[in-house]
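Please read the structure below before turning to the comments.
Below, read A as the first sequence line, B as the second, and so on, with proteins coming before strands; counting in each chain starts at 1.
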Protein chains: 2
Amino acid sequence: MTASLTTCDRILDAAEQLFAEEGFHATSLRQITQAAEVNLAAVNYHFGSKQALILAVFRRRLDALNKARLERLEQSLSDEQAPDLEEILDAFIVPALALTHGSAENGHPFMRILMRAFADRDDQLHRALSAEYAHVMRRFAGAIATALPGVEEKQLRRQLDFIVGALTHTMSECSAKDARAIADDLVQFAAAGLRSAVSVPSVDGAVRTLEIHS
Amino acid sequence: MTASLTTCDRILDAAEQLFAEEGFHATSLRQITQAAEVNLAAVNYHFGSKQALILAVFRRRLDALNKARLERLEQSLSDEQAPDLEEILDAFIVPALALTHGSAENGHPFMRILMRAFADRDDQLHRALSAEYAHVMRRFAGAIATALPGVEEKQLRRQLDFIVGALTHTMSECSAKDARAIADDLVQFAAAGLRSAVSVPSVDGAVRTLEIHS
DNA sequence: ATAGTATTAAAACAACTGTTTGAATCGAAC
DNA sequence: GTTCGATTCAAACAGTTGTTTTAATACTAT
């Protein structure tokens, strides 16, 4: 089964799994190469160093995630009707479901890796993360700002961080069968939160949106 | 300055800082003891092992956080008026601001540690985390369920996870001066998200709460 | 078949890991 | 001043780390 994959892919798969479970530094190259059933030196031969392997594992999924998110967003934006908030949030959140790799019963491995990348102070990782991530975040922030006129930019950035945090945190340890329900709940949750920034609560606890013309 | 602290506290402080920056396994005892300006053997003398030190660093802040959260919640619940959603969320979120330790300009170190603890598959850490955390989460879930009748339990659990994820993610890398604004934004964001679970969107995009009697 | 390149394999490298040991040092109580 | 427990210290332990090296193998184009 996995024996048909190339050495590089076997290493990437094993490394992703182990990095997610144990962390980058806590995982040794010997663990990785043993799980991938390849020789120890193969990592340094194909990737150059452990650090380069970390970046490769990281980029492989993030590239795919970014691509899926942007494609879905562009499709919504190209519709005759301007997309509503839920549609934009869907484009951001739902592609994360596809990251479930292999028989990932105990959470999305890459979401765990993403959490670790955020928590680490590894400059190279942070540069790689923001170099790829920032562009996508800007795109979504713009789309949301259009669908939700009147929202303040700084606050919108913060709210997007809330959504990213909620997504990575919950997806990192959910079972594969719960992921769909979580995504739907999060879209609804986030949409309400975003709308609350341009609305004022009334006395009876109900919420009424403000009309703001630019 | 730091020389007046006991050896144990110096170790805990240095370990917390380094664990937050580099991770548990990536931080060596020699880094810690050097930063704390104590002898290498002091860690094993005072804590027994590196793993025990990790748990000690972890518990020190989490105990304080739990205590502050519950005290604030009980105070709200004991008022003559039943607390509204924002008050409950305040009790959960605002105490996290106090975790800023020392001159933490680049994020709350403990929030980074909490992210790592969630991401790790370390059984001891997970046991310690849920043993202390679950009780508090149950308490808040109950309070919210009372303030927001009609919310489904499973969905409420998920939404609490959203809030925890958003809180740890944003607080872990915010500057100390932004923390307050983030907390306020998150309270508003989360309250709107929670309320959306017991309301239905109407055609014009406005939101009207449902009245549900038990 | 043969030359040449890409890949894999086993072994060794120096550096670093957490932990343990036994002696030195401190600070009170008597 | 002396004794005794608590703490600190320098040194060494066995084991693991990422990386490099050198030889063997597999594969492709001629």
Side-chain angles (χ1 to χ4, degrees), chain A residues 1-60 113 116-117 120-125 128, chain B residues 1-60 113 116-117 120-125 128:
Chain A
M1 37 172 297
T2 54
S4 63
L5 293 172
T6 79
T7 300
C8 278
D9 286 330
R10 300 245 297 284
I11 292 174
L12 285 173
D13 288 344
E16 178 176 72
Q17 171 95 2
L18 287 165
F19 286 162
E21 291 176 357
E22 317 281 348
F24 300 122
H25 289 83
T27 304
S28 72
L29 292 184
R30 283 164 181 85
Q31 286 179 264
I32 295 171
T33 53
Q34 188 173 336
E37 298 181 69
V38 302
N39 189 267
L40 168 63
V43 168
N44 283 280
Y45 176 78
H46 286 285
F47 297 94
S49 67
K50 183 183 179 180
Q51 176 75 11
L53 172 62
I54 293 176
L55 290 176
V57 166
F58 183 73
R59 282 209 175 94
R60 179 174 62 152
I113 289 181
R116 294 184 189 281
D120 265 336
R121 226 188 42 155
D122 183 325
D123 272 348
Q124 274 198 63
L125 250 182
Chain B
M1 30 175 292
T2 55
S4 64
L5 292 173
T6 78
T7 300
C8 278
D9 286 330
R10 299 244 297 285
I11 291 175
L12 285 172
D13 288 345
E16 178 175 72
Q17 172 96 359
L18 287 165
F19 285 160
E21 290 175 356
E22 316 281 347
F24 300 121
H25 289 84
T27 304
S28 72
L29 293 183
R30 283 164 179 85
Q31 284 178 267
I32 295 171
T33 54
Q34 188 173 338
E37 298 181 73
V38 301
N39 188 269
L40 167 62
V43 168
N44 283 279
Y45 176 78
H46 286 285
F47 297 94
S49 69
K50 183 185 179 181
Q51 176 75 11
L53 171 63
I54 294 175
L55 291 176
V57 166
F58 184 73
R59 285 209 174 94
R60 179 172 66 151
I113 290 181
R116 294 185 189 281
D120 264 337
R121 225 188 42 155
D122 183 327
D123 272 348
Q124 274 198 61
L125 250 182

Review item, side-chain donor-acceptor pairs of residues 38-46 of chain B, under 3.5 Å, at least two apart:
from: Asn39(B); atom 1: OD1; to: Ala41(B); atom 2: N; distance (Å): 3.0

Check: Glu16(B) main-chain N/O paired with Arg60(B) side-chain donor or acceptor under 3.5 Å: no

Sugar-phosphate only, base, or nothing, as touched by Thr27(A) at under 4.0 Å among non-hydrogen atoms: sugar-phosphate

Any Asn39(B) side-chain N or O less than 4.0 Å from OP1/OP2 of dT7(D): no

5' to 3' contact window, DNA chain C with chain A (heavy-atom distance under 4.0 Å): dA6(C) to dA12(C)

Value in whole Å for how far the P atom of dT17(D) lies from CD of Gln34(A): 10 Å

Closest heavy-atom pair and its distance - Ala15(A), Val57(A): CB-CG2, 3.8 Å

Minimum heavy-atom distance Glu22(A)-Asp120(B), with the two atoms named: O-OD1, 3.7 Å

Atom-to-atom span, CZ of Arg30(B) to P of dA11(D) - whole angstrom: 13 Å

Residue met sooner reading DNA chain D from 5', once Tyr45(B) and Ser28(A) are mapped to nucleotides: Tyr45(B)

Least distance between heavy atoms, Ala52(B) atom then Phe47(B) atom: CB-O, 3.2 Å

Euclidean distance, atom NE2 of residue His25(A) to atom P of dT19(D) [Å, nearest integer]: 10 Å

d(CG, Leu40(A); C1', dT16(D)) in whole Å: 12 Å

Gln31(B) vs Ala41(B), nearer the 5' end of DNA chain C by closest nucleotide: Gln31(B)

Nearest-angstrom distance from the residue atom NZ of Lys50(A) to P of dT16(D): 15 Å

Whole angstrom value for the distance that separates C1' of dT22(D) from CG of Asn44(A): 15 Å

OP1 or OP2 of dT8(D) under 4.0 Å from side-chain N/O of His46(B): yes

Residue pair Phe24(B) / Arg116(B): nearest heavy atoms and the distance that separates them: CE1-CB, 3.9 Å

Closest non-hydrogen atom pair between Phe58(A) and Ala117(A), with its separation: CE1-CB, 3.7 Å

